[in-house]
Amino acid sequence: QMQLAESGGGLVQPGGSLRLSCQASDSIYYYVIAWFRQAPGKEREGIACISSGGYSRVYENSVKGRVSISRDLAKNAVYLQMSSLQPEDTAVYYCAGEDERGGYRCYDKVSPPRRGSWGQGTQVTVSS
């Protein structure tokens, strides 16, 4: 089972930027990787995903225009560059992934994998 580990969270002022990393324990060549977040008292929300070939990237409306997802196959890593952060972006951010050959897709929305792997999360706090 693929293992995922997020890093890069922290405290940032409103309007600031952060880059989150999702490090995989094995090759992500065939994997769809997605980012989710969960704020206190709220449901988990999918925010971005990238397909196995990198040809499809989906951003949910809540972050569209402010985040960019990318991947580095050589490092088995996926990144989430976030800018113009606001207090409402405060949440624990998770990455999740599943082999696309099993049917998991990054196509029109960010959906959680049914059988895939999740990281432990990294806290992002936006506050002055």
Side-chain angles (χ1 to χ4, degrees):
Q1 181 81 344
M2 175 83 81
Q3 295 184 357
L4 302 173
E6 304 90 340
S7 62
L11 175 64
V12 62
Q13 292 187 341
S17 300
L18 277 177
R19 189 179 82 153
L20 305 183
S21 299
C22 175
Q23 182 65 53
S25 60
D26 206 341
S27 173
I28 59 171
Y29 185 84
Y30 290 110
Y31 267 64
V32 173
I33 302 293
W35 284 94
F36 298 81
R37 67 184 182 185
Q38 187 165 22
K42 294 188 176 181
E43 293 186 355
R44 184 182 61 199
E45 172 190 22
I47 57 175
C49 62
I50 185 167
S51 65
S52 67
Y55 55 85
S56 178
R57 305 176 193 204
V58 174
Y59 302 98
E60 296 293 353
N61 288 335
S62 59
V63 299
K64 193 172 292 184
R66 301 189 298 121
V67 307
S68 177
I69 190 169
S70 62
R71 65 180 197 164
D72 186 332
L73 291 179
K75 296 182 178 179
N76 296 330
V78 173
Y79 307 102
L80 188 71
Q81 180 69 47
M82 305 189 295
S83 61
S84 302
L85 288 165
Q86 298 302 318
E88 52 265 34
D89 294 313
T90 296
V92 178
Y93 284 70
Y94 301 89
C95 64
E98 188 173 324
D99 193 319
E100 194 172 63
R101 293 171 294 184
Y104 184 48
R105 294 287 185 269
C106 173
Y107 181 60
D108 58 350
K109 63 178 181 179
V110 184
S111 301
R114 288 179 295 175
R115 298 175 297 274
S117 303
W118 289 81
Q120 80 288 349
T122 186
Q123 176 71 47
V124 172
T125 302
V126 184
S127 176
S128 56

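When a residue number appears, it is its place in the shown sequence, counting from 1. The structure presented is a predicted model; accordingly, all values stated were derived computationally and were not measured.
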Are [X] and [Y] close enough that some pair of their side-chain heavy atoms sits under 4.5 Å apart?
X: Y31; Y: D26; answer: no
X: E6; Y: Q120; answer: yes
X: V12; Y: M82; answer: no
X: C106; Y: E100; answer: no
X: Q23; Y: N76; answer: yes

Is [Y] reachable from [X] through a run of I, L, V, M, F, W or Y residues, each pair having side-chain heavy atoms under 4.5 Å apart?
X: Y94; Y: L18; value: no
X: Y79; Y: V67; value: no
X: L85; Y: Y59; value: yes

Can you measure from [atom1] ([X]) to [atom2] ([Y]) and round to the nearest 0.5 angstrom?
X: D108; Y: S56; atom1: CG; atom2: OG; answer: 8.5 Å
X: Q38; Y: E45; atom1: CD; atom2: CD; answer: 10.5 Å
X: Q1; Y: S117; atom1: CD; atom2: OG; answer: 3.5 Å
X: I69; Y: Q81; atom1: CD1; atom2: CD; answer: 12.0 Å
X: W35; Y: I50; atom1: CH2; atom2: CD1; answer: 12.0 Å
X: I28; Y: M2; atom1: CD1; atom2: CE; answer: 7.0 Å

Testing the basics here: between [X] and [Y], what is the closest heavy-atom pair and its distance to 0.1 Å?
X: I33; Y: C22; answer: CG2-SG, 4.3 Å
X: E60; Y: G46; answer: CG-O, 3.0 Å
X: G97; Y: L4; answer: N-CD1, 3.5 Å

*Pairwise ring-ring contact (aromatic ring centres under 6.0 Å, His included) hits with a residue in residues 102-128, at least two apart*: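 Counting only pairs at least two positions apart or across chains, the ring-ring contact (aromatic ring centres under 6.0 Å, His included) contacts touching residues 102-128 are F36-W118.
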*Does atom CZ of R115 have more than 12 heavy-atom neighbours from other groups under 6.0 Å away?*
yes
*If you count the non-hydrogen atoms of other residues, nucleotides and ligands that lie under 6.0 Å from CD in Q3, is the total more than 12?*
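Atom CD in Q3 is not packed in, count stays at 12 or less.
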_Main-chain N/O of R66 paired with S83 side-chain donor or acceptor, under 3.5 Å_ =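 Yes; judged by distance alone, with no hydrogens or angles, the pair exists.
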*asked:* I'd like to know if the side chain of R105 reaches the main chain of S111, judged simply by a donor and an acceptor atom lying under 3.5 Å from each other, with no hydrogens or angles considered.
replied: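 No; judged by distance alone, with no hydrogens or angles, the pair does not exist.
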Report all side-chain donor-acceptor pairs from residues 121-128 shorter than 3.5 Å, counting only partners two or more places apart or in another chain.
unit_1	atom_1	unit_2	atom_2	d
T122	OG1	G9	N	3.1
Q123	NE2	A91	O	3.4
Q123	NE2	T125	OG1	3.3

